[in-house]
Amino acid sequence: MSDSNIQGIWRQRADHLDIRSQAFIDGRFTDALDGRRFDCISPIDGRVVAEVAECAEADVDRAVSSARAAFEDGRWSEQAPAQRKAILLAFAQLVEGHAEELALLETLDMGKPISDSLSVDVPATVRCLRWYAEAADKIYGEVAPTGPQVLATITREPLGVVAVVVPWNFPMIMTAWKIAPALAAGNSVVVKPAEQSPLSALRLAELAVEAGLPAGVLNVVPGFGPVAGRALGLHGDVNGAFFTGSTEVGKLFLQYSAQSNMKRIGLECGGKSAQIILESCSDLDAAASSAASAIFFNQGEMCTAGSRLVVQRGVHDAVMERLLRHAAAYQPGDPLDPATTMGALVDEQHTKRVLSYVDIGRTDGARLAMGGGRDRAESGGCYVQPSIFDGVTNDMRIAREEIFGPVLSVITVDSVDEAVAVANDSDYGLAAALWSDDVNVVHKVARRLKAGMVYVNCYDADDMTVPFGGFKQSGIGRDKSLHALEKYTELKTTWLRLR
Ligand code: NAD
């Protein structure tokens, strides 16, 4: 079958998708109480793919009440962990069985290439659900080493009702990273997906109930951040709010907690991650290829985007030559074409914001070495060329602010110390990478980098066993691994006096 036929098949499937567009509360789909809806516009071509329920405070109240009732009567929270495991495994199985539908929803909704949705987003979601399902019946409590007259147990209990507020760059994965550990621990959950990408979360919730998750345990309230997201953050009956998104909104969640019931807050926020390539790196081609993928994969819409490339002067020219070659492999194309490596940005507003940073970089004196413009304008969609600025200094706005698009800043340094200083000179501390063959330098520099995740001679290595999250204004707490379960549980000590 020719490529255009395959592309046509995905388009046809897209045209016949049965899209869930109501809120999901208490195990069923429902309109917003005031009947309001908002247009869900695909950045692929500017078409409206669905009119989605626009939840407001009253809908959030309904969802929280339903979650609370489910939590208190123990229909999930008091099920044996092995039973929770079985249901979550069935859920993962159903997600896997609906891989093509979910991948298509993701691509239509936020513009990423269908090949990425199929090979990255759906499998990662399934892996995450399975991993926490398996963990559910393997978490033990402790007995404290007290004296002989008492027995003190230390156990973990679910928090209760948990709010999950997520962004649009990996809508399903970000949702799974939070709901999987929260559900495995026995919580009830209310999810507020990003207004740009509400579709996959709605379908996930439906599949969860089909797998046997009791009604009310997982609710989804699509709507806008300042209304539905804020209502969750301020809600007096929500025990914890777990957020992934911008640092600016993350700070609001800390305020919401302070203004309401001191609910627990977990934050996975922005980044301005540095990739350092030192003169002691012999495989410059691998480093340059990785640098390109670290900024252009997912259209640069990645919290961990390696958006600052810090290069030691002696290898600058060799790195640039290779970088431009590898970057050329990322050309915006139709996201429904399986051959496409770079899709559309999430929406028009974000596209304009990303392009405004190209103007800012030029004005601040950086040299545009590649791209810098809009692409595929005839499609009606939101496409930006892979763009690289050379001659950037770390005080420029393009080196300090998160652009969240395919724009790379190359900063040249003279020494290892200067590379570390530049990498650490940021409000953020999500990820950092280091390319070098010198094992002494590698160990010393990795220790000095102020980032939650340090990659040595690689980038964006990924496994469910490893915590994910950042230092400084990149967040508070960690997703993934067993550490994530700490966020969704309370620690209880119980003292028993022995006679
Ligand atoms: P955003 O902060 O604008 O929105 C994230 C979520 O918060 C959305 O659901 C949105 O509706 C909601 N929201 C917005 N305003 C709100 C308000 N006033 N009150 C309550 N909720 C509100 O972020 P975005 O543009 O959707 O996503 C991009 C950001 O996400 C980037 O900064 C990126 O770095 C970050 N991100 C971080 C990670 C991580 O794990 N560290 C992962 C992915 C994305």
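Every number for a ligand or one of its atoms is a count from 1 in the order of the listing.
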### Task
Run the salt-bridge test on Asp364 and Arg397 with the 4.0 Å N-O cut-off and return the result as yes or no.
no

### Query
Does a sphere of radius 6.0 Å around NE2 in His98 hold more than 12 heavy atoms from other residues, nucleotides or ligands, not counting ones at 6.0 Å or beyond?
yes

### Summary
Of Ala305, Ala228, Gly225, the residue with the heavy atom nearest atom 13 (N) of ligand 1 is Gly225

### Query
Strictly under 4.0 Å, does any heavy atom of Gly233 approach an atom of ligand 1?
no

### Message
For a quick check under 3.5 Å, do Arg62 and Asn219 share a side-chain donor-acceptor pair by atom type?
### Response
no

### Task
Return yes or no for this condition: an N or O of Ser246 is under 3.5 Å from an N or O of ligand 1.
yes

### Message
Please list the nearest protein heavy atom to atom 35 (C) of ligand 1 with its residue and the distance rounded to 0.1 Å.
### Response
Gly245 O, 3.2 Å

#### Entry: Taking atom 31 (C) of ligand 1 as the reference point, the nearest protein heavy atom with its distance
Glu402 OE1, 3.4 Å

### Phe224, any N or O under 3.5 Å of ligand 1 N or O
no

### Task
Classify the side-chain pair Asp61/His235 by whether it contains a donor and acceptor separated by less than 3.5 Å.
yes

### Message
Closer than 4.0 angstrom, basic N to acidic O: yes or no for Glu96 and Arg130?
### Response
yes

### Task
Have a look at ligand 1 and work out which part of Met174, if any, has a heavy atom under 4.0 Å from it: side chain, backbone, both or neither.
side chain

### Query
For ligand 1, which atoms have a heavy atom of Thr244 less than 4.0 angstrom away?
5 (C), 36 (N), 37 (C), 38 (C), 39 (C), 40 (O), 42 (C), 43 (C), 44 (C)

### Message
Give me the nearest non-hydrogen protein atom to atom 7 (O) of ligand 1 as residue plus atom name, then the distance to 0.1 Å.
### Response
Phe243 CE1, 3.2 Å

### Task
Before signing off on this row, confirm whether Thr247 and ligand 1 have an N or O atom pair separated by under 3.5 Å.
no

### Message
At less than 4.0 angstrom from any non-hydrogen atom of Pro193, what atoms of ligand 1 do you find?
### Response
9 (O)

### Query
Is the shortest N/O to N/O distance between Asp479 and ligand 1 below 3.5 Å?
no

### Query
Any luck finding a side-chain donor-acceptor pair between Lys178 and Thr175 under 3.5 Å?
no

#### Entry: SB check Arg374 Glu348 (cutoff 4.0 Å)
yes

### Query
How does Leu232 reach ligand 1, by side chain, by backbone, by both or by neither, if only non-hydrogen atoms under 4.0 Å count?
neither

### Summary
the protein heavy atom lying closest to atom 28 (C) of ligand 1 turns out to be Phe404 CE2, 3.4 Å

### Query
Salt-bridged, Lys480 to Asp463, with N to O below 4.0 Å?
no

### Query
Of the protein's non-hydrogen atoms, which lies at the shortest distance from atom 25 (O) of ligand 1, and what is that distance?
Trp168 NE1, 3.0 Å

### Task
Could you walk me through whether Phe242 and Tyr488 pass ring-ring contact (aromatic ring centres under 6.0 Å, His included), step by step?
CA-CA 9 Å; Phe242 299 93; Tyr488 302 104; 4.6 Å; yes

### Task
Please determine, by modelled atom types, if Asp427 and Gln473 share a side-chain donor-acceptor pair under 3.5 angstrom.
no

### Summary
At under 4.0 Å between heavy atoms, what of Thr304 touches ligand 1? The answer is neither

### Query
atom 36 (N) of ligand 1: which protein heavy atom is closest, and how many Å away?
Cys303 CB, 3.5 Å

### Protein contact for atom 9 (O) of ligand 1 (heavy atom, distance under 4.0 Å)
yes

### Message
Under a 3.5 Å threshold, yes or no: a donor from one side chain and an acceptor from the other, between Gln275 and Tyr459?
### Response
no

### Task
Please write down residue, atom name and distance for the protein heavy atom closest to atom 43 (C) of ligand 1.
Asn169 ND2, 3.3 Å

### Query
To the nearest 0.1 Å, how far is atom 27 (O) of ligand 1 from its closest protein heavy atom, and which atom is that?
Pro167 CB, 3.3 Å

### Query
Side-chain donor-acceptor pair under 3.5 Å between Asn424 and Lys450, yes or no?
no

### Query
If hydrogens are left out, which of Phe253, Trp177, Tyr256 has an atom nearest to atom 18 (N) of ligand 1, that is, the closest non-hydrogen atom?
Tyr256

### Query
Of the options Leu17, Asp109, Leu104, which is the one that meets Leu199 in a side-chain contact (heavy atoms from CB on, under 4.5 Å)?
Asp109

### Query
Hey, does Cys269 sit under 4.0 Å from ligand 1 if you only count heavy atoms?
yes

### Query
Taking N or O atoms only and a 3.5 Å limit, does Gly223 qualify as a polar contact for ligand 1?
no

